[in-house]
Amino acid sequence: MNAVEIEEAVSDLATAPFDPVEFPYAFLAAFGNKDTTLKRLRAGASNTSDVAGGVLQRSNIHVATCAAGQVDATLRALRESPKTAQAKAKFILATDGETLQAEDLFSDEPPIACNYTQFPDHFGFFLPLAGITTVKQIRESSFDIKATGRLNRLYVELLKDNPDWAKPARRPDMNHFMARLIFCFFAEDTDIFNGTGLFTATVDQMSERDSSNTHEVIGEMFRAMNTSVADRATAKLPRWADVFPYVNGGLFSGSTDVPRFSKIARTYLLNIGNLDWTKINPDIFGSMIQAVADDDERGALGMHYTSVPNILKVLNPLFLDDLRDQLEEAGDNGRKLLNLRNRMAKIRVFDPACGSGNFLVIAYKEMRAIEAEINRRRDEADRRTDIPLTNYRGIELRDFPAEIARLALIIAEYQCDVLYRGQKEALAEFLPLDAQNWITCGNALRLDWLSICPPTGTGVKLHGDDLFNTPIDQAQIDFENDGGETYICGNPPYKGTKNQTKEDKDELTRLLSPYTSRSGTLDYVCGWFVKAAEVARITNAEAAFVSTNSICQGGQVPVLWPILNKMGVQIKFAYTSFKWRNLASNNAGVTVIIVGISSRNYTERKLFDVTEADNAIYKSCSIIGPYLIPNHTVIVEGRTTPLSDITPMSLGNAPYDGGHLILTTDEIKNLGLNQTQRERWLKPLWGSTEVINGLSRYCIWIENPDLNEALSIPSIAERIEAVKSMRLASGDSGTRQMAARSHQFREMNFGRHNTIIVPIRSSENRPYLPVDLFKSQDRATNLSYALYDGPIMNLSIIASRMHLVWIAAVCGKLETRFSYSNKMGWHTFPINTLTEQNKFELTRCAHEILLAREAHYPATIAELYDPENMPDNLRRAHEANDEVLERIYIGRRFKNDTERLEKLFELYTKMTQSAGKPKKTKKKEAA
DNA sequence: GATCCGACATCAC
DNA sequence: GTGATGTCGGATC
């Protein structure tokens with residue numbers, strides 16, 4: 001159950017008649033306990049409560065109902081019960097159906113004491129019961145979750161009653177309608193409308209109980225809000241609608257058409273209106289509510305929205321920290337404070353993937369907080385804000401979030417005015433809303449950012465001799481000369497290469513065509529970085545985005561970063577990989593980075609690293625390279641042949657078999673082969689997991705001349721037939737062509753004497769990369785790389801610390817896992833020319849490593865290289881290997897990995913500059 | 001023909 | 001249901 005569902009269940013429980021016997025079970029059920037769990041509790045098997053009317057769920061809660069007036073005493077009994085501590089209950093709860101009290105025994109949260117019917121307001125308090133051990137934020141977002149759940153129900157109900165509004169053509173109307181409703185709920189609870197609850201009360205009183213004219217009543221109110229004072233006389237508004245103020249600002253213009261309401265929908269509406277909308281958090285609410293209009297995301301609580309801590313990771317280093325430093329520096333100096341305020345008034349914040357606007361809202365709120373402090377120090381606490389909401393601009397593809405983003409900013413402005421200036425001042429200037437629409441609904445990669453967020457500053461620096469002859473239409477814009485700054489921020493969509501639609505790809509290709517022909521290997525998110533760099537190139541704008549970490553790894557680096565660097569932008573600050581998390585019940589499975597880019601010169605740049613508990617530490621460095629490594633800007637281009645004197649490596653054999661050419665030991669038994677046949681037709685097969693965790697699979701391996709003989713074995717013929725149908729069914733023409741030789745893998749490579757196999761994916765926690773030596777019968781799959789019949793010396797290099805450091809730095813990753821690559825990591829590996837003596841010693845070291853492992857037979861690589869339990873002899877063998885190799889580089893051991901990488905980058909640069917440039921030079925990109 | 005990646009996939013605890 | 005750690009084959013060059 002997610003938070004929305006729990007809130008609904010808890011609310012239902014509170015409105016149902018109180019049943020002292022059933023309550024504990026119903027309460028647990030509301031927090032997602034399964035029937036079987038409850039059954040066991042009921043039967044007493046797992047209920048060890050020693051309090052009358054009590055139910056004790058291990059590690060969770062000790063709850064008891066009691067006679068009227070006994071809540072205090074019962075709670076005390078629960079608290080003092082030894083069973084509570086024994087069972088490690090997190091919560092105690094007592095209720096008599098009139099009042100309810102509860103305590104969180106493990107945290108500092110203040111206890112709850114409230115009327116029974118109000119306890120759903122505190123459902124966030126109990127969320128750990130549902131296994132939602134969230135940050136504090138969700139507890140503080142009870143209202144937003146509740147409102148989202150209710151609006152969700154209303155939205156679905158309205159679409160049911162108005163099927164035509166569910167169609168694409170009318171969805172924007174539906175979404176616009178919802179935005180208006182939310183505004184009205186907020187306005188009626190904050191005195192923006194004359195009289196508390198005016199909107200809901202009017203619907204309640206003026207519309208029929210059978211709901212037949214609800215839409216007309218709402219429509220008249222909307223019409224009033226779209227009628228200026230001057231036009232009121234001729235508008236012929238009914239008296240009850242005429243009391244609503246002129247709001248407009250785009251919100252109530254256009255069609256005031258209202259969907260029809262069923263009785264249920266009308267009840268939902270009244271119910272939502274009766275919530276206390278003053279508690280709305282515009283930053284988080286928007287993210288939740290946007291999911292309401294999204295059929296796929298509904299109920300998922302905004303899977304892709306950015307949490308406030310993550311937004312601040314972007315905004316603080318981008319510009320907020322600088323403002324705060326300046327505030328600190330200004331102290332009580334009135335002139336300096338004024339300068340800062342003037343500076344802030346001209347800052348534009350632009351989110352070209354703004355969703356429901358939470359980056360903009362947070363930026364706005366943080367800046368208002370700084371401004372309020374300035375005004376306090378200058379004794380101007382009542383001063384009207386100098387920060388125009390119109391400086392917060394966004395682009396959003398979907399119309400509903402775009403609506404919500406505008407609304408969220410309006411609400412944020414009002415709330416800030418109330419907070420810093422007082423209710424009266426806030427109200428005086430609130431209506432009518434500003435008619436300028438500063439959130440644009442459209443495709444950010446297609447729109448012209450400079451016309452949506454034109455720079456206000458002096459920083460225009462367009463040069464005729466720019467490296468790229470991209471026509472930038474806005475170059476002619478006559479930028480105002482008033483020293484304003486622009487900060488671009490956001491969390492644009494990441495789609496890898498496979499999740500992009502045809503349109504997405506075409507868009508990216510078009511956008512990148514002036515710079516590269518290799519846009520196909522870039523993530524969709526790169527479009528945002530390139531557009532931001534285009535803006536930064538001709539203005540003083542800086543940008544920072546949350547992004548998938550893959551744009552700073554492996555194959556994307558040599559495509560993306562030369563483009564950005566040539567446009568004159570460097571990394572201003574960055575956060576290295578951390579796991580994506582927000583309040584969604586199912587977090588998106590992605591590891592992200594944050595990258596800030598700028599064309600300004602900085603002597604200090606900050607490279608942040610997220611530690612446990614969401615804290616971050618940073619390293620100061622003079623420059624940050626595209627691999628997010630301090631002080632190295634080297635970009636490694638993949639190569640098909642080795643840069644150094646080492647054996648070429650190839651990808652293992654790709655099966656494309658639907659599992660039919662590959663067999664587990666169990667499946668081999670069912671094949672019905674005799675011993676001779678097994679040895680003839682089956683070969684041990686090695687991919688990542690097999691090398692790391694020990695052999696578990698075999699493959700059917702048939703060379704062409706032997707095909708007829710193999711086909712005479714029915715169980716093998718059957719499998720080949722299955723491969724054929726799998727390949728024919730593929731959408732890939734290459735795969736379909738392979739159906740003609742379905743007895744084989746795509747490649748049929750193996751070492752006549754031996755094969756060194758390197759797993760393609762492996763854990764980053766091991767002290768050395770996994771690699772092993774295999775015999776002539778062994779076969780490598782495409783989940784590993786293979787050196788066929790290469791000198792054993794190669795194994796010594798692959799197993800070295802030097803190589804691990806290189807792979808970790810320049811290869812792609814799966815999240816944070818190593819992702820080995822021959823082109824990116826092996827063929828690029830820089831090593832000095834080896835003497836015969838060097839080769840001899842390295843070979844000996846490789847053998848020593850293999851021997852050291854053998855002493856622990858049959859331990860697997862995973863066991864042997866467990867970072868906690870690596871056997872001493874094996875560690876010594878690796879130390880000796882590292883010693884020999886590192887002496888070849890610098891005549892001694894390296895002090896640490898930083899020093900290793902430094903040397904490797906230095907040598908790589910030297911070797912690629914002198915000779916052996918990769919075959920695919922950047923001749924196209926130079927044009 | 002060969003590489004490389006996954007707003008992931010799936011196992012084990 | 002969360003942490004640990006690597007499948008598989010399509011898309012790309």
Side-chain angles (χ1 to χ4, degrees), chain A residues 1 32 130-133 296-297 300 302-306 491-500 502 505 509 516-525 546-551 553-556 559 579-582 584-592 638-640 648-659 662 687-693 697 726-727 729-738 745-749 759-766 770 781-786 811-827 862 866-867 919-920 924:
Chain A
M1 281 173 100
I132 304 181
T133 49
D296 297 329
E297 273 196 46
M303 179 160 156
H304 293 156
Y305 102 89
T306 319
N491 177 19
Y494 343 134
K495 302 189 176 185
T497 48
K498 272 188 240 182
N499 291 328
Q500 292 183 46
K502 174 93 171 49
K505 286 196 189 282
T509 306
T516 181
S517 55
R518 291 196 283 173
S519 63
T521 59
L522 293 180
D523 193 296
Y524 195 49
V525 73
V546 185
S547 163
T548 170
N549 59 358
S550 65
I551 69 159
Q553 293 168 352
Q556 293 196 48
V559 183
K579 241 186 178 338
W580 175 263
R581 291 214 180 283
N582 61 23
S585 45
N586 300 315
N587 273 303
V590 66
T591 301
V592 295
R639 306 170 49 100
T640 46
M649 185 184 277
S650 40
L651 188 67
N653 307 288
Y656 288 85
D657 69 331
I662 298 176
S688 289
T689 193
E690 288 82 11
V691 174
I692 292 167
N693 298 312
R697 298 201 293 179
M726 174 269 172
R727 288 183 181 172
S730 167
D732 184 84
S733 66
T735 308
R736 284 198 303 276
Q737 276 176 30
M738 284 193 293
F745 283 36
R746 187 178 58 186
E747 298 84 11
M748 292 292 281
N749 300 324
I760 196 160
R761 290 286 163 46
S762 67
S763 166
E764 71 277 30
N765 295 321
R766 299 189 183 103
T781 77
N782 63 335
L783 300 174
S784 63
Y785 283 92
C811 279
K813 302 251 170 67
L814 179 54
E815 296 203 323
T816 48
R817 234 81 348 99
F818 295 139
S819 197
Y820 200 89
S821 156
N822 57 347
K823 275 178 73 183
M824 300 298 310
W826 177 247
H827 295 160
D866 178 340
K919 279 189 183 139
K920 278 190 181 173
K924 270 186 187 163

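Just so it is clear, the structure is predicted and the values come from calculations on it, not from any experiment. All chains are named by letter (A, B, ...) in the order of the sequence lines, taking the proteins before the strands, and each is independently numbered beginning at 1.
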A.B. asks: Looking at every strand, decide which applies to A/Tyr524 at a 4.0 Å heavy-atom threshold: base, sugar-phosphate, or nothing.
C.D. replies: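 Result for A/Tyr524 = nothing.
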A.B. asks: Given A/Asn491 and A/Tyr494, is the side chain to side chain donor-acceptor pair (under 3.5 Å) satisfied, shown in steps?
C.D. replies: CA-CA 9 Å; A/Asn491 177 19; A/Tyr494 343 134; 2.7 Å; yes
A.B. asks: Could you list the protein-to-nucleotides 10-13 of chain B atom pairs, N/O on both sides, closer than 3.5 Å?
C.D. replies:
none

A.B. asks: For B/dA7 and C/dC13, measure between their C1' atoms and round to the nearest Å.
C.D. replies: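 Their C1' atoms lie roughly 25 Å apart.
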A.B. asks: Restricting to ring pair (Phe, Tyr, Trp, His ring centres under 6.0 Å), what partner residues turn up for A/Phe745, sequence neighbours left out?
C.D. replies: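 If we apply the ring pair (Phe, Tyr, Trp, His ring centres under 6.0 Å) test to A/Phe745, skipping adjacent residues, the hits are A/Trp701.
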A.B. asks: Just the dot-bracket of DNA chain C, please: which string comes out with Watson-Crick or G-U pairs under 3.5 Å, [ ] for crossing, | for another strand?
C.D. replies: ||||||.||||||
A.B. asks: Calculate the interatomic distance between A/Tyr494 atom OH and B/dC8 atom C1'; express it in whole Å.
C.D. replies: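 After rounding, the reported distance stands at 15 Å.
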A.B. asks: With heavy atoms under 4.0 Å as the rule, sort A/Pro492 into base, sugar-phosphate or nothing.
C.D. replies: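 Base contact - A/Pro492 has a heavy atom under 4.0 Å of at least one base atom.
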A.B. asks: Between the side chains of A/Thr548 and A/Asp523, is a donor N or O closer than 3.5 angstrom to an acceptor N or O?
C.D. replies: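 No.
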A.B. asks: Between B/dG1 atom P and A/Phe745 atom CZ, what is the distance in whole Å?
C.D. replies: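 A/Phe745 atom CZ is separated from B/dG1 atom P by 17 Å.
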A.B. asks: Indicate yes or no for a side-chain donor-acceptor contact from A/Arg727 to the backbone of A/Met738 under 3.5 Å, with no hydrogens or angles considered.
C.D. replies: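 Present.
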A.B. asks: Holding to side-chain contact (heavy atoms from CB on, under 4.5 Å), I want the full list of residues that pass it with A/Thr509, two or more places apart in sequence or in another chain.
C.D. replies: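 A/Thr509: side-chain contact (heavy atoms from CB on, under 4.5 Å) contacts with A/Ser519.
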A.B. asks: Donor-acceptor pair under 3.5 Å: do we get one between A/Asn653's side chain and the base of B/dA2?
C.D. replies: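 It does not, because no donor-acceptor pair links the side chain of A/Asn653 to the base of B/dA2 below 3.5 Å.
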A.B. asks: B/dA9 and B/dC5: how far apart are their C1' atoms, nearest whole angstrom?
C.D. replies: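 The answer is 14 Å between these two C1' atoms.
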A.B. asks: Could you pull out all residues at least two apart from A/Ser730 that satisfy side chain to side chain donor-acceptor pair (under 3.5 Å)?
C.D. replies: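 For A/Ser730, no residue satisfies side chain to side chain donor-acceptor pair (under 3.5 Å) once neighbours in sequence are set aside.
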A.B. asks: Return the value, rounded to whole Å, for the distance between atom CG of A/Asp523 and atom P of B/dC4.
C.D. replies: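 Spelled out: CG on A/Asp523 to P on B/dC4 is 17 Å.
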A.B. asks: Could you pull out all residues at least two apart from A/Asn499 that satisfy side-chain contact (heavy atoms from CB on, under 4.5 Å)?
C.D. replies: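 Testing A/Asn499 for side-chain contact (heavy atoms from CB on, under 4.5 Å), a comparison that skips the adjacent residues, returns A/Lys495.
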A.B. asks: A/Tyr524: which residues meet the ring pair (Phe, Tyr, Trp, His ring centres under 6.0 Å) condition with it, sequence neighbours left out?
C.D. replies: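 For A/Tyr524 the ring pair (Phe, Tyr, Trp, His ring centres under 6.0 Å) partners, ignoring immediate neighbours, are A/Trp528.
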A.B. asks: To the nearest Å, give me how far apart OH (A/Tyr820) and P (B/dC5) are.
C.D. replies: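 Rounded to whole Å, this separation is 14 Å.
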A.B. asks: Roughly, in whole Å, what's the span from CG in A/Asn822 to P in B/dG1?
C.D. replies: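 Rounded to the whole Å, the gap is 17 Å.
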A.B. asks: With a 4.0 Å cut-off on heavy atoms, is A/Asn491 in touch with a base, just the backbone sugar-phosphate, or nothing at all?
C.D. replies: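 Base contact.
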A.B. asks: Can you tell me the distance, in whole Å, between the NZ atom of A/Lys813 and the P atom of B/dT3?
C.D. replies: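 It is 21 Å, rounded to the nearest whole Å.
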A.B. asks: Restricting to side chain to side chain donor-acceptor pair (under 3.5 Å), what partner residues turn up for A/Ser650, sequence neighbours left out?
C.D. replies: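 Per chain and number, A/Ser650 pairs via side chain to side chain donor-acceptor pair (under 3.5 Å) with no residue.
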A.B. asks: Within this structure, what is the CG-to-C1' distance between A/Leu651 and B/dC4, rounded to whole angstrom?
C.D. replies: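 Distance, rounded to whole Å: 9 Å.
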A.B. asks: Do any side-chain nitrogens or oxygens of A/Asn499 fall under 4.0 Å of OP1 or OP2 in B/dA7?
C.D. replies: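 True: A/Asn499 side-chain N/O within range (under 4.0 Å) of B/dA7 OP1/OP2.
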A.B. asks: At under 4.0 Å between heavy atoms, which parts of nucleotides 5-12 of chain C does protein reach? Answer with one letter per nucleotide, 5' to 3': B base, S sugar-phosphate only, - none.
C.D. replies: BBBBBBBS
A.B. asks: Send over the distance from A/Met649 CE to B/dA2 C1', rounded to a whole Å.
C.D. replies: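 The answer, rounded to whole Å, is 15 Å.
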A.B. asks: For A/Asn749, check side chain to side chain donor-acceptor pair (under 3.5 Å) against everything at least two apart and list the hits.
C.D. replies: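 Listed in chain order: nothing, the list is empty.
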A.B. asks: Partners of A/Lys502 by side chain to side chain donor-acceptor pair (under 3.5 Å), sequence neighbours excluded?
C.D. replies: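 By the side chain to side chain donor-acceptor pair (under 3.5 Å) rule, A/Lys502 matches A/Asp506.
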A.B. asks: In chain order, what residues pass the side-chain contact (heavy atoms from CB on, under 4.5 Å) check against A/Asp657, with sequence neighbours excluded?
C.D. replies: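 side-chain contact (heavy atoms from CB on, under 4.5 Å) check on A/Asp657 returns A/Pro655, A/Leu661, A/Ile662, A/Val723.
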